[in-house]
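Computed from a predicted structure; not experimentally measured. Note that the numbering runs from 1 along the sequence shown for the chain. Side-chain atoms are counted along with the backbone in the values below, which use heavy atoms only and exclude waters and symmetry mates. Atoms within each ligand, like the ligands themselves, are counted from 1 in listed order.
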Amino acid sequence: MSVPSMTLFYNPASPFARKVLILLHETGQLDRVALLPTQVSPVSPDAALNQDNPAGKLPALRLADGNVIHDSRVILEYLDTQHVGNPLIPREGSARWRRLTLASLADALLDAALLIRYETALRPPEKHWDLWLDNQAEKIQRSLAYFEQNAIAELSSHFDIAAISVAAALGYLDFRQPDLDWRNSCPHLANWFAEVSQRPSMQSTRPPA
Ligand code: BEZ
């Protein structure tokens with residue numbers, strides 16, 4: 001077991017941090033990173049997190065040389081260059097852009113889910129903007145439909161950046177929107193998610209109960 005040379009600012013509820021943790025598991029790099037639990041919300045910044053990371057992005061990774069990199073996409077790219085196994089982000093060609101685009105759609109779904117979370121959990125109910133909430137919910141539905149109709153074979157082909165990102169997004173929906181019932185309209189995605197959820201990297205990074 002090696003001494004960690006990097007520090008990951010993370011929160012166990014953050015789906016963006018979960019992507020990084022899944023990749024660390026999948027690439028055998030967990031030992032290299034010390035995990036620093038960090039509480040943060042748009043209205044309660046964390047001074048340690050903000051150091052060298054002025055926008056307070058979470059997750060952030062402090063490297064061995066002291067430099068801080070963020071956000072999750074950059075951290076994933078970095079960590080994927082630091083192991084000797086098959087890359088989880090294709091280095092070039094059309095596969096790179098397709099897999100990164102699927103990952104980007106999963107991140108966009110997550111952005112919408114987080115905005116809903118912040119609006120409903122942090123803002124007083126009388127200030128909730130229903131039209132805005134509805135539009136975030138529609139983004140989520142359109143993204144789920146896209147994965148269901150266009151990406152199951154690709155997601156099933158290997159557990160890489162695209163699959164990790166979609167799995168983290170679905171896990172967050174189950175965590176924060178347990179009544180959404182997306183499995184009913186997306187049975188293939190549901191089957192795929194049930195299967196990948198058995199992976200040790202998914203099991204050991206589940207959001208807190
Ligand atoms: C959450 O509690 O949903 C959450 C916490 C930290 C980052 C993102 C989401």
Side-chain angles (χ1 to χ4, degrees), residues 6-25 30 33-62 68-79 102-125 127-130 132-141 143-144 147 161-183 189 193 196-197 201-209:
M6 298 179 273
T7 301
L8 182 70
F9 295 81
Y10 88 114
N11 182 295
S14 163
F16 293 106
R18 189 180 187 196
K19 290 189 304 172
V20 174
L21 293 172
I22 295 170
L23 184 133
L24 286 169
H25 272 267
L30 269 180
V33 178
L35 301 180
L36 186 61
T38 306
Q39 289 298 337
V40 69
S41 86
V43 291
S44 57
D46 179 282
L49 176 67
N50 288 352
Q51 215 183 348
D52 302 319
N53 173 16
K57 283 284 191 176
L58 187 82
L61 183 69
R62 188 176 291 284
V68 175
I69 62 172
H70 55 77
D71 56 4
S72 64
R73 297 186 202 205
V74 178
I75 296 171
L76 290 166
E77 282 268 6
Y78 173 77
L79 291 172
L102 290 173
S104 167
L105 182 60
D107 284 357
L109 186 163
L110 273 180
D111 287 338
L114 251 87
L115 289 174
I116 290 173
R117 170 74 184 156
Y118 292 144
E119 180 79 356
T120 54
L122 297 181
R123 290 194 98 196
K127 293 196 171 154
H128 290 178
W129 183 7
D130 289 337
W132 187 85
L133 281 168
D134 289 349
N135 274 275
Q136 302 310 321
E138 283 169 19
K139 271 190 210 185
I140 292 173
Q141 291 300 342
S143 305
L144 289 170
F147 290 130
I161 186 67
I164 289 171
S165 302
V166 175
L170 296 176
Y172 189 72
L173 286 184
D174 283 351
F175 176 48
R176 287 303 185 202
Q177 299 191 36
D179 299 330
L180 189 62
D181 195 21
W182 59 268
R183 288 172 175 78
L189 196 58
F193 185 54
V196 298
S197 293
S201 64
M202 291 289 291
Q203 293 275 329
S204 60
T205 59
R206 286 163 63 102

Less than 3.5 Å apart, N/O on ligand 1 and N/O on the protein: could you list those pairs with the distances?
unit_1: ligand 1; atom_1: 2 (O); unit_2: Arg176; atom_2: NH2; d: 2.7
unit_1: ligand 1; atom_1: 3 (O); unit_2: Tyr172; atom_2: OH; d: 2.5
unit_1: ligand 1; atom_1: 3 (O); unit_2: Arg176; atom_2: NE; d: 3.0

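- Side-chain polar atoms of His25 and Thr205 form no donor-acceptor pair below 3.5 angstrom.
- Taking Glu77 as the reference, Arg96 meet the side-chain hydrogen bond (donor to acceptor under 3.5 Å, both in side chains) condition, with sequence neighbours excluded.
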Atom pairs and distances, donor-acceptor, side-chain atoms in residues 104-111, under 3.5 Å, two or more places apart:
unit_1: Asp107; atom_1: OD1; unit_2: Lys19; atom_2: NZ; d: 2.9
unit_1: Asp107; atom_1: OD2; unit_2: Lys19; atom_2: NZ; d: 3.0
unit_1: Asp107; atom_1: OD2; unit_2: Arg73; atom_2: NE; d: 3.2

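- The salt bridge (Lys or Arg N to Asp or Glu O under 4.0 Å) check on Asp174 picks up Arg183, with sequence neighbours excluded.
- In this structure, the separation between CG on Asn135 and CG on Leu115 is 11.5 Å, given to the nearest 0.5 Å.
- To the nearest 0.5 angstrom, Asn11 atom CG is 11.5 Å from Leu35 atom CG.
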